[in-house]
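Step one of this worksheet: look at the structure below.
Atoms within a ligand are numbered from 1 in the order they appear, just like the ligands themselves.
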Amino acid sequence: MEVRLWRHGNVASFSEASGWGWHEDAALVTEGERLLWLGADRALPAPLAARAVDEIDLGGACVTPGLIDCHTHLVYAGDRAREFELRLQGASYEEIARAGGGIRSTVAATRAADESTLLQGALGRARTLMAEGVTTLEIKSGYGLSERDEARCLAVARRVAEVLPITVRTTFLGAHALPPEFEGRADAYVDAVCAWMPRLAGLGLVDAVDAFCEGIGFSPAQTRRVFEAARALGLPVKLHAEQLSDQHGAVLAAEFGALSCDHLEYLGDDGVAAMARAGSVAVLLPGAFYFLRESKLPPVAALRAAGVPLALATDHNPGSSPTLSPLLMMNMACTLFRLTPEEAWRGFTVNAARALGLSAQGHGCLAAGARADFAAWDAGHPRELVYGFGQRPLLQLIRGGRRVDVTH
Ligand code: NIG
Ligand code: FE
């Protein structure tokens, strides 16, 4: 395997339980897809340097782990700009959903789109994320809502990782909304979702299972049935929990050892305690909070006090968070949710890896043995990248020890 030497970067490794893991004027040695060595440039062992086939001068750039966007709905067709206008005129997200718009309108557009259209859309979005340092991405289904269309969307998600140099984890979100053909028959739809699951998993399309537990989504009892089906297949679960109201979904998810509970604006003390006990990650989504003009803040102080790891994600989707900027999400997590810049970075690296069950595979931090996924930035320190917004500071993206093209 080829050994490469990357010299003169200022590295935030996030390899310890707290702090930036800061290494000034550092060198990184990669072997194949892994990091072999990281430390002060002047301490670089000569025998290691001698094995390198290539030496790259990072020129004093700031280096971080590649970003991990652990919650996206990247595969869909159409847009919801008209719905945005209606919401600005006073209609609420729930009213639009109950009137048959919202998620259902994206389902109609997604069902009508051919696979190549869906793939081109998803690839364009993934490239935009890569241009901001993303090397690992979670993609949920949930705009197909029939066995065939969910399979199509999950297959497109898998295809993204074949076409682009990016790691993709797929999540089956059949229980996202009730499709029109099941109107008034939510329990029958949940039966269908549970019946599709082993077949989709058998096709290798499912890494995790998610549901939307909400007044306009599925009840806790229905969510439980989805989770039981996942557990029977040995699949980990995640949950869209307490986004618009407190359904105590996080307590339920924790009972199933959920990897993460996401959104969480209305999370109560019972949910915080249950997540802490289960070791579930809290994935905060400032894009959806902002775009839906929410005012109820997630209980960040309580989550922090309970030791629940905090992650962040774009939640990219056409209805509640049409953003493709992880750096903007970090900035908004600090300004809106009062995270520290260090917490924001951990949220898109080490804790995001945990929310996807990828920590053991060396994603999300930089240390010997970890994946050689890293980004070089035009900044003196990562906190500058959280402070600025709407800028394009990425200099280079390295995934699996190789430079990847981030023009899009
Ligand atoms: O994460 N909350 C449910 N699902 C998405 C929104 C989906 C949509 O509006 O199309 C979310 O916010
Ligand atoms: Fe979401």
Side-chain angles (χ1 to χ4, degrees), residues 69-84 86-87 91-111 121-122 125 137-145 149-150 153 157 169-179 208-218 222-223 226 237-247 249-250 253 258-267 281-294 296 298 311-324 326 329 332 352 355-356:
D69 194 351
C70 68
H71 179 144
T72 84
H73 308 248
L74 214 71
V75 180
Y76 61 86
D79 70 79
R80 306 246 287 277
R82 178 66 192 137
E83 176 182 318
F84 177 52
L86 293 173
R87 284 198 296 105
S92 75
Y93 183 72
E94 283 107 317
E95 280 162 7
I96 289 168
R98 289 192 198 283
I103 296 175
R104 274 195 188 182
S105 65
T106 302
V107 170
T110 303
R111 286 178 173 182
R125 293 170 198 129
L137 174 65
E138 185 252 20
I139 302 179
K140 299 175 195 296
S141 65
Y143 291 122
L145 309 188
D149 290 297
E150 287 290 292
C153 292
R169 300 296 280 179
T170 59
T171 300
F172 172 49
L173 178 56
H176 192 199
L178 196 60
V209 173
D210 193 348
F212 184 27
C213 183
E214 191 53 69
I216 56 166
F218 295 89
Q222 290 161 343
T223 303
V226 173
V237 301
K238 314 168 77 66
L239 189 65
H240 281 71
E242 344 301 7
Q243 180 186 11
L244 307 166
S245 61
D246 188 1
Q247 304 277 326
L259 286 173
S260 71
C261 298
D262 305 33
H263 287 287
L264 302 176
E265 279 81 347
Y266 287 81
L267 181 71
V281 175
V283 179
L284 305 179
L285 304 167
F289 173 88
Y290 159 81
F291 195 66
L292 297 182
R293 305 177 73 235
E294 278 288 335
K296 177 114 174 67
L312 297 173
T314 61
D315 189 19
H316 176 85
N317 74 76
S320 72
S321 191
T323 177
L324 290 164
M329 295 306 101
M332 282 170 40
L356 295 182

### Task
Say whether, by atom type as modelled, one donor and one acceptor occur between the side chain of S141 and the main chain of L173 under 3.5 angstrom.
yes
### Query
Can you tell me the protein heavy atom closest to atom 3 (C) of ligand 1 and the distance?
H176 NE2, 3.5 Å
### Query
Do the side chain of E214 and the main chain of A241 share a donor and acceptor less than 3.5 angstrom apart?
no
### Task
Report the name of the N/O/S atom of D315 located nearest to the Fe ion (ligand 2).
OD1
### Message
If we ignore hydrogens and angles and just use 3.5 Å, is the side chain of D315 paired with the main-chain N or O of A313 as donor and acceptor?
### Response
no
### Query
Does H263, backbone or side chain, put an N or O under 3.5 Å from an N or O of ligand 1?
yes
### Query
For atom 7 (C) of ligand 1, what's the nearest protein heavy atom and its distance?
Y143 OH, 3.2 Å
### Query
Hey, does T106 sit under 4.0 Å from ligand 1 if you only count heavy atoms?
no
### Query
Who's the nearest protein heavy-atom neighbour of atom 12 (O) of ligand 1, and how far?
S320 OG, 2.5 Å
### Task
Enumerate the atoms of ligand 1 whose separation from the nearest heavy atom of N317 is less than 4.0 angstrom.
5 (C), 6 (C), 7 (C), 8 (C), 9 (O), 10 (O), 11 (C), 12 (O)
### Task
Would you check if the side chain of H316 reaches a backbone N or O of T323 as a donor-acceptor pair within less than 3.5 Å?
yes
### Query
When you measure from atom 2 (N) of ligand 1 to every protein heavy atom, which one gives the shortest distance, and what is it?
Q243 OE1, 2.7 Å
#### Entry: Side-chain donor/acceptor of E150 to backbone N/O of L145, under 3.5 Å
yes
### Option with minimal heavy-atom separation from atom 11 (C) of ligand 1, where the choices are D315, V107, L285
D315
### More than 12 heavy atoms of other groups within 6.0 Å of R82 CZ
yes
## Note on the structure
heavy-atom search around atom 9 (O) of ligand 1 in the protein gives Y93 OH, 2.5 Å
### Task
Give the contacting part of E214 toward ligand 1: side chain, backbone, both or neither, where contact means a heavy-atom distance below 4.0 Å.
neither
### Query
Going by the atom numbers of ligand 1, which of them fall below 4.0 Å from some non-hydrogen atom of H71?
1 (O)
### Task
Examine the side chains of H240 and H176 and answer whether a donor and an acceptor come within less than 3.5 Å of each other.
no
### Task
Starting from the Fe ion (ligand 2), look over the N/O/S atoms of H240 and name the nearest one.
NE2
